[in-house]
Amino acid sequence: AGGAHVPVLVIGTGYGGSVAALRLAEAGVDVHMVEMGMAWDTPGSDGKIFCNTLQPDRRSYWLRTRTKAPLNYFLGFPIDRDIPRYTGVLDAEEFAGITVYQGRGVGGGSLVNGGMAVTPKRENFGGILPSVDANEMYDVYYPRANAGLGAGLVDPAWFDSTACYQYGRVGRKQAQRSGFPFVFVPDVYDWDYMKQEASGTVPKSALAGEILYGNNYGKKSLQKTYLARAAATGRVTVSALHKVTSVAPAPGGGYTVVIDQIDTGGSVTATKTVTADRVFFAAGSVGTSKLLVRLKATGALPALNDEVGKGWGDNGNVMCGRANHLWDPTGSLQSSIPCCGIDNWAAGGAFAEVAPLPTGIETFASFYLSITKNPNRAAFSWDAATGTVVLNWQTAWKQPSIAMAKTIFDRINATEGTIYRTDLFGVYKIWGDHLTYHPLGGAVLNKATDNYGRLTAYPGLYVIDASLIPGNTTVNPFVTITALAERNIEKIIATDL
Ligand code: FAD
């Protein structure tokens with residue numbers, strides 16, 4: 001195929017891509033979105049679109065023959081299992097020193113994530129995006145993003161009484177007994193729906209342990225928010241199971257975009273060429289960085305600057321569990337949607353989400369995903385020998401994160417007279433330091449791009465996703481990704497179109 005022409009092509013359908021598509025369409029521009037993952041709009045033989053965390057099937061992982069669960073041991077036993085190779089929803093992408101988890105499908109990370117919609121504290125913003133006007137962000141773009149995403153807080157009275165947040169209440173009690181600020185954090189989950197799940201009147205998702213491999217009912221993923229609104233304009237089309245492999249200047253102006261169509265086994269079934277006046281890179285931190293680094297190195301976009309690929313961080317992610325006393329059970333029914341955290345950012349460089357461990361049985365464990373102020377930054381580069389883009393992150397670079405997380409949990413353990421769990425990440429291994437859920441950077445704002453995401457060497461090429469953010473957001477990142485995209489697309493529509 002070939003010859004097709006579109007005004008705007010968006011690579012990827014996560015937060016950045018969805019904001020760009022909606023706002024451009026509202027401005028009267030036709031947009032074509034290209035997404036390598038599936039559409040996730042059709043139920044399987046069990047009547048569900050997504051599979052359950054406790055029973056992963058082929059829908060769980062992106063082109064793997066064995067699951068790679070983030071929490072891969074339980075009571076010291078490995079829990080991963082064989083699955084058929086399929087274009088499943090969660091990609092556990094392995095680099096030398098880190099496994100980077102990402103969503104695959106129409107909606108990107110919103111399909112697999114916990115929905116925690118956290119706005120950074122304002123005093124921390126200057127350290128997150130130093131070239132961006134904080135007043136504008138907090139007056140206009142964060143509120144716009146939170147409204148567009150449908151973020152809301154758990155009803156505190158319900159939190160205090162429902163069985164499914166006993167683990168949250170234990171987290172609160174222990175945080176407060178050690179003198180740490182405990183905070184509720186917003187989520188895009190439909191809280192009224194969760195209450196109905198608890199009362200047994202609707203099909204369950206949060207209370208059925210659905211997390212990581214998609215959520216069948218209550219979570220307001222992008223499919224239900226930005227992408228639904230974009231579709232309603234009539235100006236946005238989406239091609240699922242299509243992967244962009246090249247973008248290069250077209251002879252007659254604009255850009256030639258090469259796209260592989262793939263089947264659910266990952267095999268290429270067709271290669272298509274489209275000409276686009278403008279291209280938005282919204283393939284996520286890893287996806288956009290890999291594309292730009294390769295296209296620069298292999299001569300398709302040689303004038304991209306030397307900042308491309310740099311400034312990558314893991315948002316300081318590190319996981320751990322604590323063993324509670326028998327009189328502090330965390331509950332056999334746990335909502336898979338986290339709603340609270342422990343804030344020790346200012347004093348210890350750590351913000352810990354009180355995370356669920358929705359196994360269906362009492363574990364007497366408290367589980368946490370900490371976001372820490374890890375200063376280490378990695379870079380993507382082109383490895384000509386293997387023809388791949390590599391990332392130079394090292395596992396040892398997580399040590400600052402562990403030290404920061406310990407500022408919270410060592411103290412809680414001392415207060416409570418408890419110990420760390422050693423059976424969740426291996427045999428006698430306390431820290432989940434091999435992974436991130438929050439890849440950020442690789443095409444940093446005001447470095448690889450101008451201050452609005454333009455790749456200035458190539459008019460009409462833009463970056464509009466997590467790769468703009470240099471490695472850390474102090475909290476969970478997608479509200480900041482969305483708000484920054486809202487800011488940038490408003491400027492681009494006003495000045496470039
Ligand atoms: P993405 O959402 O990653 O979207 C990029 C899209 O581009 C993907 O759909 C991908 O398949 C597609 N793509 C990539 N390459 C190509 C290509 N070459 N051609 C076509 N398509 C391509 N954040 C929070 O704020 N709160 C949370 O509670 C939270 N929990 C998380 C839990 C998990 C398990 C994970 C994995 C992430 C979580 N995150 C959370 C992180 C959040 O989901 C990401 O930061 C966010 O999705 C990144 O947005 P993005 O727009 O940059 O890219």
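Each ligand, and each atom within it, is numbered from 1 in the order the structure gives. If you read the sequence from its start, that first residue is 1, and numbering goes on from there.
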Of the listed options ([options]), which comes nearest to [atom] when hydrogens are ignored and any heavy atom counts?
atom: atom 10 (C) of ligand 1; options: Arg104, His242, Met33, Glu353; value: Arg104
atom: atom 53 (O) of ligand 1; options: Pro70, Gly284, Ser246; value: Gly284
atom: atom 4 (O) of ligand 1; options: Ser18, Gly14, Ala20; value: Gly14
atom: atom 41 (C) of ligand 1; options: Tyr101, Phe478, Tyr437; value: Tyr437
atom: atom 17 (C) of ligand 1; options: Asn476, Val188, Leu222, Val244; value: Val244

To which protein heavy atom is [atom] closest, and what is the distance rounded to 0.1 Å?
atom: atom 12 (C) of ligand 1; result: Glu35 OE1, 3.4 Å
atom: atom 48 (C) of ligand 1; result: Ile481 CD1, 3.6 Å
atom: atom 2 (O) of ligand 1; result: Gly109 N, 2.9 Å
atom: atom 43 (O) of ligand 1; result: Asn113 ND2, 3.0 Å
atom: atom 13 (N) of ligand 1; result: Met36 SD, 3.6 Å
atom: atom 52 (O) of ligand 1; result: Ala466 N, 2.9 Å
atom: atom 49 (O) of ligand 1; result: Tyr15 CD1, 3.5 Å
atom: atom 28 (O) of ligand 1; result: Met116 N, 2.9 Å

Any N/O pair [X]/ligand 1 closer than 3.5 Å:
X: Gly17; answer: no
X: Ser110; answer: no
X: Gly115; answer: yes
X: Gly105; answer: yes
X: Pro477; answer: yes

Next on the checklist: Can you tell whether the side chains of Arg23 and Glu26 come within less than 4.0 Å, N to carboxylate O?
Outcome noted: yes
Next on the checklist: Taking the basic N atoms (NZ, or NE/NH1/NH2) and the acidic carboxylate oxygens, is any pair closer than 4.0 Å for Arg64 and Glu94?
Outcome noted: yes
Taking only heavy atoms of [X], which atoms of ligand 1 are found under 4.0 Å from at least one of them?
X: Val34; value: 20 (C), 21 (N)
X: Ile11; value: 17 (C), 19 (N), 20 (C)
X: Gly108; value: 2 (O), 4 (O), 8 (C), 9 (O)

Checklist entry - Do Ser267 side-chain atoms and Asp263 backbone N/O form a donor-acceptor pair below 3.5 Å? => result no
Item to check | Residue part near ligand 1, for Ala282, under 4.0 Å between non-hydrogen atoms | outcome: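 The answer is the backbone of Ala282.
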Checklist entry - Does ligand 1 have a heavy atom under 4.0 Å from the side chain of Leu212, from its backbone, from both, or from neither? => result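 Side chain only.
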Answer with yes or no whether the side chains of [Y] and [X] bring together a donor and an acceptor at under 3.5 Å.
X: Thr480; Y: Tyr142; value: yes
X: Trp312; Y: Ser285; value: yes
X: Ser370; Y: Thr372; value: no

Next on the checklist: Please report whether the ring centroid of Tyr73 lies less than 6.0 Å from that of Phe425.
Outcome noted: no
Checklist entry - Is the gap between the ring centers of Tyr213 and Phe50 under 6.0 Å? => result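 Distance test on ring centres: not under 6.0 Å, no.
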Next on the checklist: Exactly one of Asn215, Asp190, Asn216 should register a side chain to side chain donor-acceptor pair (under 3.5 Å) with Ser205. Which one does?
Outcome noted: Asn215
Next on the checklist: Within a 6.0 Å radius of atom NZ on Lys296, are there more than 12 heavy atoms belonging to other residues, nucleotides or ligands?
Outcome noted: yes
Checklist entry - Taking atom NZ of Lys224 as the centre, does the number of heavy atoms from other residues, nucleotides or ligands within less than 6.0 Å exceed 12? => result yes
Item to check | side chain to side chain contact (heavy atoms under 4.5 Å, CB included) assessment of Ser60 paired with Ile83 | outcome: CA-CA 9 Å; Ser60 57; Ile83 45 166; 3.7 Å; yes
Next on the checklist: Check for me whether Lys290 has a heavy atom closer than 4.0 Å to any atom of ligand 1.
Outcome noted: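 Per 4.0 Å heavy-atom rule, Lys290 does not contact ligand 1.
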Checklist entry - Between Tyr462 and Tyr452, is a ring-ring contact (aromatic ring centres under 6.0 Å, His included) present by the stated rule, with each step listed? => result CA-CA 8 Å; Tyr462 307 88; Tyr452 291 90; over 10 Å; no
Checklist entry - Can you check whether Met194 reaches Val154 side chain to side chain, under 4.5 Å on heavy atoms? => result no
